[in-house]
Protein chains: 2
Amino acid sequence: MISLEDVAKLAQVSPATASRALTRPELVAEGTRERVLEAARTLGYQPNVLARSLRQRGSRSLGLVVTDILNPFHAMLAKGVQDVAEAQGYTVLMFNTDEESAKERRAFETLRGHLPQGLIVVPTPATHLNLKLLPNLPVIELDRASGRAGAHTVMVDNEVGAYRAVSHLAALGHRRIGMIVGRLDISTAVERHEGYRRALLDAGLPYRPELVVPGNHREADGRAAAHALLTLPPAERPTALFVGNNEMTVGAVLAARELGLRLPDDLSLIGFDDSRWAQTMTPAITVVAQPAYDLGALACRTLLNLLGGQTVPQSVRLKTTFIERDSAAPLTPQPSPLAGSR
Amino acid sequence: MISLEDVAKLAQVSPATASRALTRPELVAEGTRERVLEAARTLGYQPNVLARSLRQRGSRSLGLVVTDILNPFHAMLAKGVQDVAEAQGYTVLMFNTDEESAKERRAFETLRGHLPQGLIVVPTPATHLNLKLLPNLPVIELDRASGRAGAHTVMVDNEVGAYRAVSHLAALGHRRIGMIVGRLDISTAVERHEGYRRALLDAGLPYRPELVVPGNHREADGRAAAHALLTLPPAERPTALFVGNNEMTVGAVLAARELGLRLPDDLSLIGFDDSRWAQTMTPAITVVAQPAYDLGALACRTLLNLLGGQTVPQSVRLKTTFIERDSAAPLTPQPSPLAGSR
DNA sequence: TTGAAAGCGCTAACAG
DNA sequence: CTGTTAGCGCTTTCAA
């Protein structure tokens, strides 16, 4: 390991000067600076981040804690964060909580030891509590809000997106529209549920609690929830389903298939969050798409601005996009002229 | 930040003893140890990893460098690595190279400053070169081999998997079987191509270079390659396609759709690497599946064993699994008894 | 079994 | 503009 001292020696300056030449070149005379840079280059010097961070009481790194790295939505969030962080010379320490508060706690503990400058977190229900482990650390909550007072958040307009989707189903004539919602102790689920509710109201449809089933965001949860809803007695069974996230949408589609229901003829379905899967399956799924990469990138930019002492908006909402594809259709198939004339 | 000194003070011992009590408890008298642990607990002490690593000239962290975190296969590799590392108390510093050697170089440079104990890397063609930045660092090559002499590798049996897939197509009666292969400067592509070649040979089919098109592992590459192959004159057009990775398989399927070719009637297709997408699309894609999670987990275990001074196998190959679904069918559809009797 | 002291590599005060 | 000095928090001799 080549140290700064080695560089200093070769350049015939003190370590302090070498340090300055490398990190704050304007404080050093031109000639000296060049000697140092030259020496660093020939030796292949790479600063020891650990020593620097120890001295400066903080490393040029950021924590990123997501709840499910296998979920393409989260992978995309992470990419957005990483790209921005890297461009600014920050290292990202990424952790995965699997939606478990205990894992989040451990992630925070580990992170603490690394003295990160800031944290971007997709909260779990215990984030509020766990963040006590990291006092005074600038935090951006991504995708969801933990409910901490004064928290900075970067999210999408969940309520509007959900409203749009459910209104669409209502406009297609569906009167029994079910919802597979996430955990109601998570803000996105609450907001999407709120949009669902408002859309029903505006369409003059009753809100029926028995048509709303919560799940824990995974495929298996969506499958179970859909199964429960779709095996209700015919008179009560929903003719359309709005599903609260991408993983559960997969599960819901599989459940429908298992029950022999064809989309969109026997069941209309709209999912929240787009995916390649939704685009390419047959029929392609109508979705409320989220700008995942932008969310991640924006969260990171916001954090870096915050670190830079700039004032940043408390809360940002990015827009969702409604993408109409083939999984939602009118309740009663258009009767052909002949059939209609009987 | 609570330091070890704070703990020591509270426990009325020297920092040295406090350190020992926490990291090598057997060196400390029972009573003292308990006082220290108690003090650490009440203060919520968390060791400063930076200081510790600086002192010990190495941090309890591992580098993980993958080439495309958005690819679910890589996400799964990463999860396998992370889970094992975390269980052993290691922090994973993850980087993404987007298949770009320059990004890999930067990742290595950044990593170096963090003094990781070891590295797990999915190599790019320049890994051989870039690894000079990290001399003496234990390295496991994951999924692909860089070709470095003496490198430790954890991979799948690409050649066998490819052979199996292509033999299957040949057995179905296909005689013009195309391959969309990866970059031939990457070991997986070479090996899968080798399997393709051997399967043709064993089936008594000629190897036709014009039916083999390379791509850079992304969806767009697969699409372009498939388009090129499928627009050949009818007599030359392949009736079956073997695609070298999951992303390119998506592209190939989309290209076929654009050209109005139906799977498997107009074109048989087998992909390498399974995905949810391949499972749920219509028709479901026949694939050579890889144990991605196990690959990652095994790579990490191997690295940790290596760090622990154990002797580990130079090279490990995990088995692929051939999963027959609906995208590959006999060349000529089974004639019905009637049609066959003319 | 415990403590004193040194030092990992770096940077920030403070002189000069 | 540059060098000297000190110290970030921890672990590890060495000595008691």
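Keep in mind that what you see is a predicted model, and the values were worked out from it rather than measured.
- Put simply, the side chain of R52(B) does not reach to within 4.5 Å of the side chain of R55(B), judged on heavy atoms.
- Surrounding CZ of R105(B) are at most 12 heavy atoms belonging to other residues, nucleotides or ligands under 6.0 Å away.
- dC10(D) atom P lies 14 Å from atom NE2 of H114(A), rounded to whole Å.
- For the pair R57(A) and dG9(D), the criterion of a side-chain N or O lying under 4.0 Å from OP1 or OP2 is met.
- The separation between E5(A) atom CD and dG7(C) atom C1' is 12 Å, rounded to whole Å.
- One atom, CD of Q46(B), and another, P of dG9(D), lie 15 Å apart when rounded to the nearest Å.
- Separating the CG atom of L43(A) from the P atom of dG9(C) is a distance of 14 Å, rounded to the nearest angstrom.
- Where T32(B) and A51(B) each meet DNA chain C at their nearest nucleotide, the meeting point lying more 5' is that of T32(B).
- One finds no side-chain N or O of S3(A) lying less than 4.0 angstrom from the OP1 or OP2 phosphate oxygen of dG9(C).
- Here the C1' atom of nucleotide dG9(D) and the CE atom of M1(B) are 9 Å apart, to the nearest Å.
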Protein-nucleic acid N or O pairs under 3.5 Å, nucleotides 12-16 of chain D:
{"unit_1": "dT12(D)", "atom_1": "O4'", "unit_2": "R55(B)", "atom_2": "NH2", "d": "3.3"}

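- Annotation: side chain of F95(B) is in contact with side chain of T91(A) (closest heavy-atom distance under 4.5 Å).
- Place V49(A) and E26(B) on DNA chain C by their nearest nucleotides, and E26(B) ends up nearer the 5' end.
- Annotation: the terminal axes of the helix from dT1(C)-dA16(D) to dG16(C)-dC1(D) meet at 40°, where each axis is the rotation carrying the C1' atoms of four end pairs onto the next four (5 pairs per end, rounded to 10°).
- The distance between atom CD of Q12(A) and atom P of dT2(D), rounded to the nearest whole Å, is 13 Å.
- As a whole-Å value, the separation of L50(B) CG from dG7(D) C1' is 15 Å.
- A salt bridge is defined here as a Lys NZ or Arg NE, NH1 or NH2 lying under 4.0 Å from an Asp or Glu carboxylate O, and E99(A) with R183(A) fails to meet this definition.
- In terms of phosphate contacts, R52(A) brings a side-chain nitrogen or oxygen within less than 4.0 Å of OP1 or OP2 of dT11(C).
- Residue L27(A) is in base contact, counting any heavy-atom pair closer than 4.0 Å across all strands shown.
- Per the geometry, CG belonging to N48(A) stands 13 Å off C1' belonging to dT11(C), to the nearest Å.
- Applying the side-chain hydrogen bond (donor to acceptor under 3.5 Å, both in side chains) test to residues at least two apart or on different chains, none of the pairs has a partner in residues 19-35 of chain B.
- For the atom pair R41(B) CZ and L10(B) CG, the distance stands at 11.5 Å (nearest 0.5 Å).
- Annotation: the span from T67(A) atom OG1 to R144(A) atom CZ amounts to 4.0 Å, rounded to 0.5 Å.
- Of all nucleotides listed (dC8(C), dC10(D), dT2(D)), dC10(D) comes nearest to the side chain of L4(B).
- With dT2(D), dA4(C), dG9(D) as the candidates, the nucleotide lying closest to the side chain of S14(B) is dA4(C).
- Taking OH of Y45(B) as the start and CG of N48(B) as the end, the distance is 7.5 Å to the nearest 0.5 Å.
- Residues Q314(B) and H152(B) have side chains in contact (heavy-atom distance under 4.5 Å, counting atoms from C-beta outward).
- Crowding of Q12(A) atom CD: a count of heavy atoms from other residues, nucleotides or ligands under 6.0 Å not exceeding 12.
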